[in-house]
Every structure is written in structure tokens, then in C-alpha cells.
Amino acid sequence: MKQETAAQNSPPASPPSSQPLSEDGDPQALWIFGYGSLVWRPDFAYSDSRVGFVRGYSRRFWQGDTFHRGSDKMPGRVVTLLEDREGCTWGVAYQVQGEQVSEALKYLNVREAVLGGYDTKEVTFYPQDTPDQPLKALAYVATPQNPGYLGPAPEEAIATQILACRGFSGHNLEYLLRLADFMQLCGPQAQDEHLAAIVDAVGTMLPCFCPTEQALALV
Ligand SMILES: N[C@@H](CCC(=O)N[C@@H](CS)C(=O)NCC(=O)O)C(=O)O
């Protein structure tokens with residue numbers, strides 16, 4: 001079992017050599033793209049945030065999680081980005097400036113890299129309100145090479161795993177439903193068929209999994 005305190009002594013994962021600059025070229029400013037739990041719980045200080053999307057990637061519940069939403073015995077499932085020429089993934093970009101940059105990277109290194117198996121990748125982010133003014137951003141992506149990677153599975157199997165798991169940050173079902181809530185807020189133009197199929201499968205199974213009042217107590 002990983003210990004967050006022990007992990008905090010690990011050196012921060014090195015961000016790309018050419019850190020994504022903010023639109024005004026300030027080297028001390030950085031945009032960080034969140035598309036999973038970072039969408040509702042960034043937990044680092046930032047100066048600005050934008051809802052929008054990245055092209056060329058699809059979001060998939062293909063990363064195992066033995067800390068935040070699962071355990072060593074029952075790994076939960078959280079999201080990563082899959083390279084997909086036709087893909088589009090909605091999320092939130094957060095701008096960090098000055099001292100916020102090193103603080104955010106240090107924090108995310110523990111939460112995403114050390115505890116979650118994610119690596120950093122530069123992406124192009126399109127703000128919903130100004131898609132003609134894209135931004136370079138840093139994203140945390142779990143690649144198939146990381147030990148926690150679970151890879152593809154039928155959405156029904158993913159839903160079953162999510163219903164059965166919880167970790168130090170809460171139930172895996174909460175993770176799924178908070179992400180689904182965010183996508184609802186983004187509006188009808190934001191579609192995620194993979195996410196919607198898992199939510200539908202959970203809705204079908206939940207009554208069999210436990211009575212409604214117990215289901216509500218899960219999250
Ligand atoms: N890197 C993605 C996924 C992040 C994610 O969900 N990471 C997990 C680590 S395994 C996490 O931080 N979970 C915290 C939580 O579930 O509240 C993002 O940008 O949002």
C-alpha cells in the first residue's frame with residue numbers, strides 16, 4: 001500500500017523541457033489540463049480556469065487505482081487519455097503562475113505520478129469560449145507501460161469494478177458520477193460515449209447491487 005507522506009519526498013516528475021507557456025509567453029505561467037478527478041478536485045492554487053477540450057484523444061477508464069479509488073486487493077478504475085485521431089476529450093484547464101507553478105507540479109507529482117502512475121504530456125487545449133485561441137497545456141496521462149494500467153474491458157465489466165471499489169479519496173462510483181455531472185454541465189456538444197455507457201451500465205446494475213438507500217450511502 002502506498003503512503004502519501006512517504007511519496008512526498010520523491011523528486012517531482014520532470015515536466016516537459018519546453019513547459020507549455022501561457023498565452024502571453026510568461027515562462028512562469030503554465031496551463032494544466034484536467035479530465036478526471038482534476039475536473040472537480042484540483043486541490044492546488046491556480047489563477048484562472050477554462051472549460052474546453054483537447055483533440056486527438058479519447059478518455060477511457062483504463063487506469064487501475066490502488067490508492068485514491070481502490071486498494072491493492074481491489075483496484076478501482078480511473079481515467080486516462082487514449083491517442084485517437086477522431087477523439088475529443090472535454091475537461092478543465094487551470095492556469096498556474098509564479099510560485100503556484102512549482103507548488104502545483106510538486107503536488108501533482110505525488111497525486112498523479114507517484115500514487116497514480118501518470119506521466120506528463122503536452123497537449124493543445126481549446127477553450128470552449130475561444131476555440132480559435134488554443135493553449136498549450138500539461139496533461140497527466142497513464143500510458144500502457146505503467147504498472148497500474150488495466151487497459152480495455154467491456155463497459156459492463158468496468159461498471160462492476162467501479163461499483164465494488166473504494167479508496168482513500170472515496171468510492172469509485174463517486175468518481176464516475178462527478179465526471180458525468182461535469183460532462184452534463186459542458187452542454188450537449190460535449191459527448192463521451194464511453195463514460196455514458198459505463199453510467200448506463202451502473203444504473204442497470206445498481207438496484208441488483210444493493211437497495212437504493214444503500215446505493216446512496218455509497219457516495
Ligand atoms: N490525470 C487525469 C486523471 C486524474 C485522476 O483521476 N487521478 C487520480 C489518481 S489515480 C486521482 O487524483 N484521484 C483523486 C480522486 O479520485 O479524488 C486528470 O487530469 O484528471
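Nothing here was measured: the structure is a model prediction, and the numbers come from that model. Hydrogens, waters and symmetry mates play no part in the numbers below; they use all other heavy atoms, side chains included. First listed ligand is number 1; within each ligand, the first listed atom is number 1.
Among all protein heavy atoms, the one lying closest to atom 6 (O) of ligand 1 is Tyr175 OH, 2.6 Å. The closest protein non-hydrogen atom to atom 14 (C) of ligand 1 is Arg41 NH2, 3.3 Å. For atom 2 (C) of ligand 1, the nearest non-hydrogen atom of the protein is Tyr35 CZ, 3.4 Å. Remark: minimum distance from atom 3 (C) of ligand 1 to any protein heavy atom is reached at Tyr118 OH, 3.7 Å. Nearest protein heavy-atom neighbour of atom 9 (C) of ligand 1: His68 CD2, 3.4 Å. Scanning the protein heavy atoms around atom 12 (O) of ligand 1, the nearest turns out to be Arg111 NE, 2.8 Å. The closest protein non-hydrogen atom to atom 20 (O) of ligand 1 is Gly36 N, 2.6 Å. Counting only heavy atoms of the protein, atom 1 (N) of ligand 1 lies nearest to Glu112 OE1, 2.9 Å.
The environment of Gln189 atom CD is dense: over 12 non-hydrogen atoms of other residues, nucleotides or ligands sit within 6.0 angstrom.
Under the 30°/60° scheme for interplanar angles, the aromatic rings of Tyr126 and Phe53 are found to lie parallel.
Ion pairing of Arg166 with Glu174 is absent here, as no side-chain N (NZ or NE/NH1/NH2) approaches a carboxylate O to less than 4.0 Å. Using a cutoff of 4.0 Å between basic side-chain nitrogens and carboxylate oxygens, Glu83 and Lys121 are scored as salt-bridged.
At least one heavy atom of Phe33 sits closer than 4.0 Å to an atom of ligand 1.
Checking only distances, Tyr140 does come within under 3.5 Å of ligand 1, N or O to N or O.
Side chains of Asp192 and Tyr35 form no contact here, defined as non-hydrogen atoms less than 4.5 Å apart. By the 4.5 Å heavy-atom criterion applied to side chains, Phe61 and Leu195 are counted as neighbours.
Under a 4.0 Å criterion applied to the non-hydrogen atoms of Arg69, ligand 1 contributes the atoms 15 (C), 16 (O), 17 (O). Applying the 4.0 Å criterion to heavy atoms of Gly34 picks out, from ligand 1, the atoms 19 (O).
With hydrogens and angles left out, the side-chain atoms of Asn146 and Gln63 include a donor and acceptor closer than 3.5 Å. In the model, Arg111 has a side-chain atom that pairs as donor or acceptor with a side-chain atom of Ser37 under 3.5 Å.
Aromatic pair Phe44/Tyr94: centroids less than 6.0 angstrom apart.
Ranked by closest heavy atom to atom 11 (C) of ligand 1, the top entry among Gly170, Ser37, Gly148, Gly64 is Ser37. Ranked by closest heavy atom to atom 10 (S) of ligand 1, the top entry among Asp43, Asp65, Asn172, Leu38 is Asp65.
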